[in-house]
Protein chains: 2
Amino acid sequence: MNLKELSAILGLSQTTVSRALNDYPEVNEATRQRVKAVARKNNYRPNTRAKGLATGRTLTIGHVIPVSTRHEIVNPIFADFIAGAGEIYSRNDYDMLLSVVADVDEERVYRELASRRSVDGVIVHGPRENDPRIALLQEVGLPFVVHGRAGTGDSGYSWVDVNNRRAFERATNFLLDLGHRRVALINGVETMHFANRRRAGFVTALENRGLRPDPALMRSEEMTEYFGFRAAHEMLSGPTPPSAFLISSMITAIGVRRAIGDLGLKLGRDVSAIIHDDELSYLRNGEEVPIFTATRSSVRHAGQLCAEMLLDIIRHPGQPPAQKLLEADLTVGMSTGPAATPD
Amino acid sequence: MNLKELSAILGLSQTTVSRALNDYPEVNEATRQRVKAVARKNNYRPNTRAKGLATGRTLTIGHVIPVSTRHEIVNPIFADFIAGAGEIYSRNDYDMLLSVVADVDEERVYRELASRRSVDGVIVHGPRENDPRIALLQEVGLPFVVHGRAGTGDSGYSWVDVNNRRAFERATNFLLDLGHRRVALINGVETMHFANRRRAGFVTALENRGLRPDPALMRSEEMTEYFGFRAAHEMLSGPTPPSAFLISSMITAIGVRRAIGDLGLKLGRDVSAIIHDDELSYLRNGEEVPIFTATRSSVRHAGQLCAEMLLDIIRHPGQPPAQKLLEADLTVGMSTGPAATPD
DNA sequence: GAATCAATCCAAAGCGCTTTGGGTACTGAA
DNA sequence: TTCAGTACCCAAAGCGCTTTGGATTGATTC
């Protein structure tokens, strides 16, 4: 069922039918109702591609999901982010085009999205330090919003980010206030800008108390469960183990907890831990009382904000870039307690 | 840069340029090379929508991701499945269109995908018992592959599934062989067909040994960490606790392990557990030695298989439906041991 | 030398929609 | 009665591509 057939049924021109369906004023209200009724009855829906060709807009947003080539890992926060963004898209009759791409191919894919005109805009995931994708997108003139920041020229493009630096500074201070002096940082890969900022917050807090960050207590890798396990196990088995951990993700923290348990220690008593909690839907941080003390910021909500911002940019071009910095809550759970041997 | 401009530059007709780029035989090899070189230099790429309109194919596959309305949960296996499928798509120059949709709206979305002709085919996720989507897709004539099965008329459509029944029967037998008699099942929602089959395998194994499944030891809910924690905590605190668990997912198992730890018990010694491991990239089941004894089947691989099957169906229509039943490995890890008090 | 054929290329139609630039009929005012 | 104005509708162009149905050329065959 296409427009031609539908207008034949109605005995009207394609023009009128199209205008009736798209709520243009130059069509009689009675005929509009009739058109809509018949369209519904015949289950008519305009062909996406034809509409896109004619209007120049695709009503589609692109997401490029990088998959680490070295470790073949899909970022676990991605599902919830997508869920948040997808909600906004369907509410606004937009579609989402997903490209799962080896991180080395990313640039090519962005270029293709632009030159093939298959999307009206894109969300940039996982920005790295000085991420080249930003200049690239500006060059090709494709509207975009970055989930996170790249660390330079951040006022020149639109983004939604968590105040990672402050969150980790506060979390570190919280541990220091409990008397912990040997605090370990189990961080994400620090070519990612967010991980960089988290470390900066951690280091700042230590230095403000006159403590020197110990390189042996700082690890940075892809945030898997096993990384958390291995890092914590090694540190805790070392000569001067940490009494507290600052951990960049819930998944990694699960590995840390496993290591603590395997060594016969108890989380929250023998060892403290604060995590960053993205509020993943399938990995809630407990129910009544949080399992982990955490800096908390919903990645799903971030997805919604990114999508809304991008749609706004697409609908009102020529505006200055928008930015949104979210503050993370610091919620106290059962994974922290006073240091065993205060100075 | 579009075809018209490109052919103007080349001094050729659009026909010839189009044919040169699409490797049609009726164009001189020398001109083909020249066309391709100039196209590359000018960064030309055909407009997706125009191409789709002209050919009638979209080179796009739809995925409809249901989000549970009641619990707002995104299935955690989805990211890895998508990664597997996406790999195949990009290798074949296909795009992936994602709709994140409240489960109650699913039918509408499938209908729209079909009538708006925005995809060449779809993957059906999370089939429920007698899932109505299958009849719907057959009715509207949209090619599809189901990840899983619906439990009836399974020979009438294409699917890729794990032999869940056998996997859970084998896992149960493994526990029974170790002397366990009170085995608990912590399952996914049993309106999902896969969960149903897993329970069937579990029950069959028990009954073959003359044991009666105890309803108090069978739980079925959305597979979150907290569900695992709560279920295990309650069962283990009860009057006749289980000595072993059969757990439908890694995430839930993490909750079970937390409950076991909180109760001062040790996994693999005091309590045994076998999980089903989807080999999620960010939640590997250990490295050298598996953390959990597990029935194992890569969901990422399933994603690849579904995508390949669907592309094949699209390219060779009229074939009988294809099916692929994957057998899960049973790998022994550190979470199982003999029952403490054999009969 | 004429006819046949393969190799190359092209003009134009068509995919299904939106939108431009009128047309027609009816109204009320002059 | 005429004219401008409005409300409503339509034919046709155009979005950027593929594909049909030739046209042209040069080589080959008889």
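Computed from heavy atoms alone, side chains included, the values below leave out hydrogens, waters and symmetry copies. Protein chains get the first letters and strands the later ones, always in sequence-line order, with residue 1 at the start of each.
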* **Distance, rounded to the nearest Å, where Arg116(A) contributes CZ and dG16(D) contributes C1'** => 14 Å
* **Carboxylate-amine/guanidinium proximity below 4.0 Å for Arg57(A) and Asp120(A)** => no
* Ion pair Arg315(A)/Asp312(A), N-O distance below 4.0 Å -> no
* May I ask you to evaluate whether Asn22(A) reaches the phosphate of dT18(C), defined as a side-chain N or O under 4.0 Å from OP1 or OP2? => yes
* Look at the side chain of Gln14(A) and decide which nucleotide, out of dT19(D), dT18(D), dC17(C), has an atom nearest to it. => dC17(C)
* So what does Arg49(A) touch, heavy atoms closer than 4.0 Å: a base, only the sugar-phosphate, or nothing? -> nothing
* Rounded distance (Å) that lies between atom P of dG16(C) and atom CG of Leu21(A) -> 16 Å
* **Phosphate-side-chain proximity, Thr55(A) and dC15(D), N/O vs OP1/OP2 below 4.0 Å** => no
* Asked: Counting only side-chain N and O atoms of Tyr44(B), is one of them less than 4.0 Å from OP1 or OP2 of dC17(D)?
  -> yes
* To do: Before accepting this row, confirm whether a basic side-chain N of the pair Glu106(B)/Arg128(B) lies closer than 4.0 Å to the acidic partner's carboxylate O.
  => yes
* To do: For the side chain of Thr16(B), starting at C-beta, report the closest nucleotide among dC17(D), dC10(C), dT19(C).
  => dC10(C)
* Asked: Given atom OH of Tyr24(A) and atom C1' of dC10(D), what is their separation to the nearest angstrom?
  -> 16 Å
* To do: Using a strict cut-off of less than 4.0 Å between a Lys/Arg side-chain nitrogen and an Asp/Glu carboxylate oxygen, indicate whether Lys36(A) and Asp23(A) qualify as a salt bridge.
  => yes
* Assign each of Gly11(B) and Ser18(A) to its nearest nucleotide of DNA chain C by heavy atoms, then name whichever residue's nucleotide is nearer the 5' end. => Gly11(B)
* What integer distance in Å separates Glu29(B):CD from dT8(C):P? -> 9 Å
* Could you give the CG-to-P distance, from Asn47(B) to dG14(D), as a whole number of Å? -> 18 Å
* Reckon Asn28(A) has a side-chain N or O less than 4.0 Å from the OP1 or OP2 of dC8(D)? -> yes
* To do: Measure the distance from CZ on Arg32(B) to P on dA7(C) and round it to the nearest whole Å.
  => 13 Å
* **N/O donor-acceptor pair, side chain Thr15(A) with base dT19(C), under 3.5 angstrom** => yes
* Intermediate values then yes/no, side chain to side chain contact (heavy atoms under 4.5 Å, CB included), Leu326(A) and Asp161(A) -> CA-CA 6 Å; Leu326(A) 305 166; Asp161(A) 198 6; over 6 Å; no
* Asked: Among the nucleotides dC9(C), dC17(D), dC10(D), which one has an atom lying closest to any side-chain atom of Leu3(B)?
  -> dC17(D)
* For Arg34(A) and dC9(D), what is the distance between atoms CZ and C1' respectively, to the nearest whole Å? -> 12 Å
* Structure fact -> Separation between OG (Ser18(B)) and OH (Tyr24(B)), nearest 0.5 Å, reads 7.0 Å
* Nearest listed nucleotide, side chain of Ala50(B), among dC9(D), dG16(D), dC17(C) -> dG16(D)
* To do: Would you kindly compare Leu53(B) and Glu26(A) by the position of their nearest DNA chain C nucleotide and give the one closer to the 5′ end?
  => Leu53(B)
* Select one nucleotide: of dT19(D), dC15(C), dT8(C), the one nearest the side-chain heavy atoms of Ala54(B). => dC15(C)
* Presence of Ser13(B) side-chain N/O under 4.0 Å of dC9(C) phosphate oxygens OP1/OP2 -> no
* **Length of the line joining Leu10(B):CG and dT8(C):C1', which is rounded to integer Å** => 15 Å
